[in-house]
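Each ligand, and each atom within it, is numbered from 1 in the order the structure gives.
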Amino acid sequence: MHHFTYKNGVLHAEDVSLTNIANEVGTPFYCYSSATLERHYTVFEQSLSELDHLICYALKANSNQAVIKTLSKLGAGMDVVSEGEMHRALKAGVSPKKICFAGVGKTKAEMTAALNANILSFNIESEPELHALSQVASALGKTAHIAIRINPDVDAKTHAKISTGKAENKFGIAYEQARQIYATAAKLDGIDPHGIHMHIGSQITDLSPFKNAFKLLRELILALRDDGHNITHADLGGGLGIPYEETEQSPPHPQKYAQIIKDTLGDLRLTFIFEPGRLITGNAGILVSKVLYLKQGSAKDFLIVDAAMNDLIRPTLYEAYHQIIPVNEQANDTPKRTMDVVGPVCETGDFLAENRELAQLAPDDLIAVLSAGAYGAVQAGTYNSRLLVPEVMVKGKDFAVIRPRPTYEDLINQDQLPTWL
Ligand SMILES: *Cc1c(COP(=O)(O)O)cnc(C)c1O
């Protein structure tokens, strides 16, 4: 469910016409709907109501201050994977007591900053990292509350680049090594191993991998408690998928996901942490772009638009499908043609869609690339010296630019000449 709908033949974000935003901001731009963000968060939260829990939104999915603040006002904590993300969360007013720090390569400087900020928990991904955190925490005279990330070696049945819970992935500690590393952790200075963590991948649309992983987690928590560890927190990660294609079967409702948790872990007196990213922001954002040219190639037709892979890399990086619709509504019987939707970047991999059936479009028409709110703007870059795409947030009848388009001067002034030139 989202709040991007046609009104009087023009696509709106809530009550604001996207044509109006395009006239004011220029194209391309990302547009987020506050009502959709709030709705997704609330539906997820309500589905978990029978479990003692904290939602730590994975802010790598979309880390704009306005998005973080919208969610933190609803009570969300944050899952961060770098010091930069931690500063973003703190700047938006998130309590450090609601921040979890994940990631396989935390530096000692990052650990120091997070300990000084008194965050809730570190998710530990390797034994050397555990020792490093112990050293840093002891030197500061602090205790790091940790969960150890377990890699259960389950197949999340998602794209290879977003699968994280298989043995060959870089994430977490092997299931068989878990008891050993908890024994080590319990003896280390400055470490309180109060939790356990698992995140098996992203865009998961089948609940069985979750179920298998949670069953394994149950066995492990019981074994760790037998070993004398006081495991009070289970961080179950994120990963629940969203619908990208209109035709596909909807991914499971969060209530079904919650039911699996109740069935597998519900009796263990745990506080649960959840780290949804895509589920919250994915369908709450779109990328609006303008048609530049229609090019008839000898083998294919190309719709050349002003947004490119540097603005939205998901199609080329993950072979992701994004629905593309015209901002001006077209009649159902408008003739369609099959095209590649491509950007101006000098790369063959620069496309937003391949072999897509779209109604006739002409230069200056606007298109909307849907479900672009997660892993969109955050992965944007300036390749080909293109300016970072601006971001806009809508709330009811109002909209605000939440990240302006930089100028070419801003872009070029990031470079510095050495004195000899
Ligand atoms: C990326 C990530 C998430 C969020 O994943 P989604 O699929 O967006 O829900 C949660 N936890 C960790 C550790 C992650 O790396």
Side-chain angles (χ1 to χ4, degrees), residues 37 40-41 43-45 47-48 53-63 67-68 71 76-82 84-86 88-89 98-106 110 114 119-126 129 146-152 154 156-166 169-173 195-207 209-210 213 217 233-244 251-252 254 257-258 261 272-285 314 317-318 320 371-379:
L37 282 173
H40 289 171
Y41 181 83
V43 167
F44 190 64
E45 164 93 278
S47 300
L48 302 168
H53 72 275
L54 170 67
I55 299 176
C56 289
Y57 162 65
L59 74 79
K60 74 175 191 284
N62 186 322
S63 57
V67 171
I68 300 173
L71 296 172
M78 298 288 144
D79 170 49
V80 305
V81 294
S82 70
E85 286 195 348
M86 181 186 79
R88 280 188 190 270
K98 290 184 174 180
I99 296 179
C100 297
F101 197 150
V104 296
K106 299 174 204 77
E110 289 183 310
I119 65 162
L120 174 65
S121 186
F122 292 83
N123 291 333
I124 294 298
E125 302 242 9
S126 68
E129 185 197 6
I146 67 151
I148 290 176
R149 180 170 180 176
I150 306 300
N151 183 325
V154 298
K157 299 184 202 153
T158 185
H159 191 274
K161 284 190 179 151
I162 49 175
S163 165
T164 59
K166 291 185 72 174
N169 300 136
K170 70 177 175 182
F171 300 99
I173 301 275
I196 191 157
H197 176 232
M198 205 176 247
H199 171 74
I200 59 173
S202 195
Q203 186 53 18
I204 301 172
T205 54
D206 173 356
L207 287 177
F210 282 121
L217 197 60
H233 287 66
D235 180 337
L236 302 184
L240 209 52
I242 61 165
Y244 279 97
Y257 171 77
I261 296 158
F272 293 99
I273 296 173
F274 295 94
E275 306 170 336
R278 187 189 312 270
L279 185 75
I280 307 295
T281 52
N283 285 326
R314 298 192 69 260
L317 183 60
Y318 311 120
S371 313
Y375 306 109
V378 282
Q379 294 198 79

Should [X] be listed as contacting ligand 1, given a heavy-atom distance under 4.0 Å as the test?
X: Asp79; value: yes
X: Tyr375; value: yes
X: Ala61; value: no

Using a plain distance cutoff, I'd like to know if [X] has any nitrogen or oxygen under 3.5 Å from a nitrogen or oxygen of ligand 1.
X: Gly239; result: yes
X: Gly277; result: yes
X: Lys60; result: yes

| request: Mind running salt bridge (charged side-chain N to carboxylate O under 4.0 Å, His left out) on Lys60 and Glu85 for me, showing each step along the way? | output: CA-CA 7 Å; Lys60 74 175 191 284; Glu85 286 195 348; over 6 Å; no
| field | Intermediate values then yes/no, side chain to side chain contact (heavy atoms under 4.5 Å, CB included), Ile261 and Tyr257 | value | CA-CA 7 Å; Ile261 296 158; Tyr257 171 77; 3.7 Å; yes
| Of the choices Gly237, Gly241, Ser202, which has the non-hydrogen atom that lies closest to atom 6 (P) of ligand 1? |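 Result: the heavy atom closest to atom 6 (P) of ligand 1 is in Ser202.
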Which ligand 1 atoms, with their elements, are less than 4.0 angstrom from a heavy-atom of [X]?
X: Arg278; value: 6 (P), 8 (O), 9 (O)
X: Ala58; value: 3 (C), 4 (C), 10 (C)
X: Pro276; value: 9 (O)
X: Gly238; value: 9 (O), 10 (C)

| field | Protein contact to atom 10 (C) of ligand 1 [nearest heavy atom, distance to 0.1 Å] | value |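 For atom 10 (C) of ligand 1, the nearest protein heavy atom is Glu275 O, 3.2 Å.
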| Partners meeting salt bridge (Lys or Arg N to Asp or Glu O under 4.0 Å) with Lys161 (sequence neighbours left out) | none
| salt bridge (Lys or Arg N to Asp or Glu O under 4.0 Å) partners for Glu125, two or more places apart | Arg149
| Ring geometry between Phe122 and Phe101 (parallel below 30°, tilted from 30 to 60°, perpendicular above 60°) |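 Parallel, since the angle between the ring planes stays under 30°.
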| query | Is there side-chain contact between Ile55 and Pro276, with heavy atoms separated by less than 4.5 Å? | reply | yes
